*Asks:* 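To start, I am sharing the structure in question, which I have written as structure tokens.
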Amino acid sequence: MTTTHVLLVRLAAPLQSWGVASRFSHRDSHVRPTKSAVVGLCAAALGRDRTDPVDDLAALVFGVRADHPGTPVRDYHTVGAGRFPLRPRDVITDHRRAAAVARSMEAADGPGFGHHELAGWYGAPKKITADPVSGALVSAELSRAAMITERWYLSDAAFVVGLQHEDRALLEEIAYALEHPKQLLWLGRKSCPPSGTLAAEILTGTIAEAFAAKRLLPGPDGPDPDGPDPDTSGGRRPWAWIQAPSGTRGATQVNDQPVSFDPARRAHATRWETRTRVTIAPTATEWDIIP
């Protein structure tokens, strides 16, 4: 049997957001990190461009243990409303605004652009494109109504990700890059930087064995010295989702297997995973990390 190795990665921060089917007006978050997001995290740490192949990283067997699932948080946004000083592009690309400001600026004193506001006019022209006939810049959307959006996050969550592969050198390269990243890293969204150590250690074996061999991560408030040992038989057994071969009994399909991160041809495929409770072994080791 071929020997495999597992890199354990700690993903913890005040906020995380792992989008699955996000759109502009509604940015959701999965209840746990996705394989696509974690592979993207590793690719960024390694300094890869979005157009670079990710076959070697996509071949990693993926698993995640939810030590602290966190609390869903909804962030309410309004976009595109509010008055602001006029800019030349606002007049050039919006004929209705140009007509209104021509009348208004006749009675105004001082410079017009950068100082003058139109009473009752809100927002800015959207979807600026060149007119196919004249070549002039025009707006395809003149609406000034504010857009209401919502963004979902996980608050105070902490996950352990397992990346399994036969090539220990590849895992060592990823581990080094996560602690010395060539690009900025975030947990699903740019407003969610990771806290503390990411790369923990590399263990020999499978993801299931590695998850059982490490104690639970400290919670957002740290361990409770007066509380029960979370790893005893009567303690909490966290959920884990571990990638499995196609058609494995009890496995379900998830569509987060990265194929390409190229913005022009971004694509994902289906993979299989099992959901199970993890029993922490009595001999499990503590974390040697910076929280």
Side-chain angles (χ1 to χ4, degrees), residues 1-13 16 18 29-35 37-39 60-72 154-166 168 171 174-175 178 187 194-254 256 271-291:
M1 174 180 274
T2 303
T3 301
T4 59
H5 309 278
V6 178
L7 168 62
L8 295 178
V9 180
R10 170 185 171 272
L11 300 180
Q16 306 182 31
W18 308 102
S29 177
H30 202 6
V31 298
R32 62 187 185 276
T34 62
K35 181 176 182 179
V38 173
V39 167
L60 295 166
V61 178
F62 174 80
V64 56
R65 192 182 79 181
D67 286 13
H68 302 279
T71 304
L154 297 177
S155 173
D156 292 333
F159 300 96
V160 178
V161 163
L163 300 175
Q164 178 181 315
H165 202 275
E166 299 171 3
R168 186 183 179 93
L171 298 179
I174 295 171
L178 288 173
L187 304 189
S195 64
T197 303
L198 276 78
E201 60 183 299
I202 299 176
L203 304 176
T204 299
T206 65
I207 291 177
E209 293 168 344
F211 282 172
K214 294 297 292 185
R215 287 182 172 265
L216 299 181
L217 287 168
D221 299 323
D224 181 3
D226 300 322
D229 183 349
D231 298 329
T232 59
S233 59
R236 188 164 55 84
R237 298 168 62 224
W239 283 108
W241 295 262
I242 301 175
Q243 186 170 341
S246 174
T248 298
R249 183 176 180 179
T252 57
Q253 291 181 312
V254 286
D256 70 348
R271 65 180 180 88
W272 294 77
E273 68 177 12
T274 58
R275 178 174 180 257
T276 184
R277 290 279 192 184
V278 176
T279 300
I280 307 298
T283 56
T285 58
E286 296 283 359
W287 292 89
D288 182 17
I289 57 173
I290 300 174

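We're numbering straight along the sequence, starting at 1. Keep in mind that what you see is a predicted model, and the values were worked out from it rather than measured.
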*Asks:* Evaluate the criterion side chain to side chain contact (heavy atoms under 4.5 Å, CB included) for residue pair Trp18 and Leu187; output intermediate values, then yes/no.
*Replies:* CA-CA 7 Å; Trp18 308 102; Leu187 304 189; 3.7 Å; yes
*Asks:* Identify which one of Ile207, Thr34, Val161 satisfies the side-chain contact (heavy atoms from CB on, under 4.5 Å) criterion when paired with Val64.
*Replies:*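 Answer after filtering Ile207, Thr34, Val161: Val161.
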*Asks:* If you look at every heavy atom in Trp272 and Pro245, which pair is closest and at what distance?
*Replies:*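 Closest heavy-atom pair between Trp272 and Pro245: CB-O, 3.9 Å.
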*Asks:* Do you know which two heavy atoms are closest between Ala66 and Pro238, and how far apart they sit?
*Replies:*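 Scanning both residues, the minimum pair turns out to be O-CB, 3.4 Å.
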*Asks:* Would you please name every residue forming a side-chain contact (heavy atoms from CB on, under 4.5 Å) with Thr274, sequence neighbours left out?
*Replies:*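 side-chain contact (heavy atoms from CB on, under 4.5 Å) check on Thr274 returns Ile242, Ala244, Thr248, Ala251.
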*Asks:* For Arg32, which residues count as a salt bridge (charged side-chain N to carboxylate O under 4.0 Å, His left out) partner, sequence neighbours excluded?
*Replies:*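 Only Glu273 meet the salt bridge (charged side-chain N to carboxylate O under 4.0 Å, His left out) criterion with Arg32.
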*Asks:* The test is side chain to side chain contact (heavy atoms under 4.5 Å, CB included); show your working for Arg237 and Ile280 and say whether it passes.
*Replies:* CA-CA 7 Å; Arg237 298 168 62 224; Ile280 307 298; over 6 Å; no
*Asks:* Find the distance between OG1 (Thr3) and CZ (Arg168) and round it off to the nearest 0.5 Å.
*Replies:*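 These two atoms lie 11.0 Å from each other.
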*Asks:* What are the two closest non-hydrogen atoms of Ala199 and Ala175, and how far apart are they?
*Replies:*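 What the structure gives for the nearest pair is CB-O, 3.5 Å.
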*Asks:* Restricting to pairs with a member in residues 239-248, which pass salt bridge (Lys or Arg N to Asp or Glu O under 4.0 Å), not counting sequence neighbours?
*Replies:*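 Not a single pair qualifies under salt bridge (Lys or Arg N to Asp or Glu O under 4.0 Å).
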*Asks:* On a heavy-atom basis, which atom in Ser29 and which in Gln16 lie closest, and how many Å separate them?
*Replies:*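 Closest pair (atom of Ser29, atom of Gln16, distance): OG-O, 4.3 Å.
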*Asks:* When you measure from the side chain of Asp256 to the backbone of Lys35, do you find a donor-acceptor pair of N or O atoms at a distance under 3.5 Å?
*Replies:*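 Yes: the side chain of Asp256 pairs with the backbone of Lys35.
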*Asks:* Gly205 and Glu209: which non-hydrogen atoms are nearest, and at how many Å?
*Replies:*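 Heavy atoms only, the tightest pair is CA-OE1, 3.2 Å.
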*Asks:* Do Leu60 and Ile174 have side chains that approach each other closer than 4.5 Å (heavy atoms only, starting at C-beta)?
*Replies:*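 With C-beta onward as the side chain, the pair touches.
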*Asks:* What is the distance from atom CG of Leu216 to atom CG of Asp67, rounded to the nearest 0.5 Å?
*Replies:*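 CG of Asp67 is found 4.5 Å from CG of Leu216.
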*Asks:* The criterion is side-chain contact (heavy atoms from CB on, under 4.5 Å); which residues satisfy it with Arg275, sequence neighbours excluded?
*Replies:*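 With sequence neighbours excluded, Arg275 shows a side-chain contact (heavy atoms from CB on, under 4.5 Å) to Trp239, Trp241, given in chain and number order.
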*Asks:* Hey, does Val9 have a side-chain heavy atom less than 4.5 Å from the side chain of Leu178?
*Replies:*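 Touching, per the 4.5 Å side-chain cut-off.
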*Asks:* CG of Leu7 to CG of Leu203: how many Å apart, nearest 0.5 Å?
*Replies:*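 Those atoms lie 9.0 Å apart.
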*Asks:* For Trp287, which residues count as a side-chain contact (heavy atoms from CB on, under 4.5 Å) partner, sequence neighbours excluded?
*Replies:*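 side-chain contact (heavy atoms from CB on, under 4.5 Å) check on Trp287 returns Leu8, Arg65, Val160, Ala200, Lys214, Leu217, Ile289.
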*Asks:* Over all heavy atoms of both residues, which pair between Val6 and Gly162 is shortest? Give the atoms and the distance, please.
*Replies:*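 Distance-wise, the nearest heavy atoms are CG1-CA, 4.0 Å.
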*Asks:* Calculate, to the nearest 0.5 Å, the distance between atoms CG and NE2 belonging to Leu163 and His5 respectively.
*Replies:*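 It comes to 14.0 Å.
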*Asks:* Hey, are the side chains of Phe159 and Leu154 touching, using non-hydrogen atoms and a 4.5 Å cut-off?
*Replies:*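 In contact.
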*Asks:* I need the full list of side chain to side chain donor-acceptor pair (under 3.5 Å) pairs touching residues 155-166, with sequence neighbours left out, sorted by first then second residue.
*Replies:*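 Non-adjacent pairs meeting side chain to side chain donor-acceptor pair (under 3.5 Å): zero.
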*Asks:* Taking the side chain as every heavy atom from C-beta outward, state whether Val38 and Leu11 have any atom pair closer than 4.5 Å.
*Replies:*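 A side-chain contact under 4.5 Å exists here.
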